[in-house]
Amino acid sequence: QVQLLESGGGLVQAGGSLRVSCAASGRTFSSYAMGWFRQAPGKAREVVAAISRSGGNTNYADSVKGRFTISRDNAKNAVYLQMNSLKPEDTDVYFCAGVRSAAGSTWRGSYDTWGQGTQVTVSS
């Protein structure tokens with residue numbers, strides 16, 4: 001089973017961009033579909049984007065379509081979330097998640113491996 005570690009969070013002004021990364025340990029990363037989720041205090045964890053193990057298929061939450069892009073580099077055991085045109089409502093802790101599956105699911109219950117999260121704060 002892989003272990004996941006997020007990085008790249010921080011403080012950015014509204015309208016700005018940020019890229020968060022998720023590094024995976026282990027030799028089986030290419031067998032894992034991956035997802036990015038986010039969670040605010042007191043709220044449920046919600047999907048942001050998901051990507052298939054090949055990287056050929058992606059899915060996005062409606063709230064981030066056209067602004068965020070999920071990608072992966074299986075040679076580097078990494079998955080990324082490029083966030084553009086950030087809004088204050090994008091402020092959350094962002095988690096990457098993985099599951100040994102072909103397709104990337106938008107349902108958080110599908111994932112069995114989680115990182116510890118990275119804080120993204122967007123100021124107005």
Side-chain angles (χ1 to χ4, degrees):
Q1 188 172 0
V2 298
Q3 292 184 320
L4 305 174
L5 182 64
E6 301 93 338
S7 62
L11 175 64
V12 63
Q13 288 188 332
S17 298
L18 198 65
R19 188 177 83 157
V20 291
S21 302
C22 176
S25 65
R27 296 181 293 175
T28 58
F29 177 72
S30 60
S31 300
Y32 280 69
M34 300 296 295
W36 282 100
F37 291 76
R38 63 187 183 185
Q39 186 172 22
K43 293 188 176 181
R45 192 168 297 186
E46 62 178 20
V47 66
V48 176
I51 189 167
S52 62
R53 65 186 181 190
S54 70
N57 290 290
T58 57
N59 290 290
Y60 295 92
D62 288 343
S63 59
V64 306
K65 280 181 181 176
R67 300 189 298 123
F68 290 12
T69 301
I70 188 172
S71 62
R72 68 187 295 159
D73 186 338
N74 285 345
K76 294 184 178 180
N77 278 16
V79 61
Y80 309 100
L81 184 68
Q82 177 67 43
M83 302 182 286
N84 299 328
S85 302
L86 281 160
K87 305 175 181 179
E89 52 262 44
D90 294 318
T91 295
D92 273 322
V93 178
Y94 284 71
F95 298 86
C96 70
V99 60
R100 197 164 185 139
S101 172
S105 172
T106 57
W107 180 48
R108 70 177 183 272
S110 298
Y111 295 88
D112 56 14
T113 304
W114 293 84
Q116 88 293 344
T118 186
Q119 176 71 47
V120 172
T121 302
V122 184
S123 64
S124 57

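- How far CZ of Arg53 is from OG1 of Thr28: 11.5 Å, rounded to the nearest 0.5 Å.
- Using a cut-off of 4.0 Å between Lys/Arg side-chain N and Asp/Glu carboxylate O, Asp90 and Arg67 are scored as salt-bridged.
- In this view, Gln3 satisfies the side chain to side chain donor-acceptor pair (under 3.5 Å) rule with no residue, not counting sequence neighbours.
- Judged by distance alone, with hydrogens and angles left aside, the side-chain atoms of Asn77 form a donor-acceptor pair with the main-chain N or O of Gly26 at under 3.5 Å.
- The closest donor-acceptor contact from the side chain of Arg72 to the backbone of Ser52 lies under 3.5 Å.
- Leu81 has its side chain out of reach of Arg38: every pair of non-hydrogen atoms, C-beta onward, lies at least 4.5 Å apart.
- With hydrogens and angles left out, the side-chain atoms of Ser71 and Gln82 include no donor and acceptor closer than 3.5 Å.
- Pairs of residues two or more places apart, or lying in two chains, that qualify as disulfide bond (SG atoms under 2.5 Å apart) and include a residue from residues 3-113 are Cys22-Cys96.
- No donor-acceptor distance shorter than 3.5 angstrom exists from the side chain of Gln116 to the backbone of Leu5, with no hydrogens or angles considered.
- Distance check, rounded to the nearest 0.5 Å: CD of Gln1 to OG of Ser31 gives 12.5 Å.
- Within the 4.5 Å cutoff, the side chain of Glu6 has no heavy atoms near those of the Trp114 side chain.
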- Check the pair Gln119 / Thr91 against side chain to side chain contact (heavy atoms under 4.5 Å, CB included), numbers first and verdict last. CA-CA 8 Å; Gln119 176 71 47; Thr91 295; 4.0 Å; yes

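- Between Asn59 and Thr106, the shortest heavy-atom distance links the atoms CB-CG2, 3.7 Å.
- Screening residues 49-87 for ring-ring contact (aromatic ring centres under 6.0 Å, His included) gives no qualifying pairs among residues at least two apart or on separate chains.
- Side-chain atoms of Lys76 and Ser21, non-hydrogen and from C-beta on, never get closer than 4.5 Å to each other.
- Across Ala24 and Leu4, no two heavy atoms sit closer than the pair CB-CD2, 3.7 Å.
- Taken from CD1 in Ile70 to CH2 in Trp36, the straight-line distance is 8.0 Å, to the nearest 0.5 Å.
- Taking all atoms of both residues into account, the shortest heavy-atom contact from Ala102 to Ala33 is O-CB, 4.2 Å.
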Give the intermediate values and the outcome of side chain to side chain contact (heavy atoms under 4.5 Å, CB included) for residues Val12 and Met83. CA-CA 11 Å; Val12 63; Met83 302 182 286; over 6 Å; no

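- For the atom pair OG1 (Thr69) and CZ (Arg19), the distance works out to 11.5 Å, reported to the nearest 0.5 Å.
- Arg108 places a side-chain N or O within 3.5 Å of a backbone atom of Arg45 that can act as its donor or acceptor partner.
- In this structure a side-chain-to-backbone donor-acceptor pair under 3.5 Å is present from Asp92 to Ala40.
- With sequence neighbours excluded, no residue satisfies side-chain contact (heavy atoms from CB on, under 4.5 Å) with Ala103.
- In this structure, Asp73 places its CG atom where more than 12 heavy-atom neighbours from other residues, nucleotides or ligands lie under 6.0 Å away.
- Under the side-chain contact (heavy atoms from CB on, under 4.5 Å) criterion, Ser123 pairs with Leu11, Gln13, not counting sequence neighbours.
- The nearest pair of heavy atoms linking Ala14 to Ser124 is CB-CA, 4.3 Å.
- Listed by first and then second residue, the ring-ring contact (aromatic ring centres under 6.0 Å, His included) pairs that reach into residues 93-112 are Phe37-Tyr111, sequence neighbours excluded.
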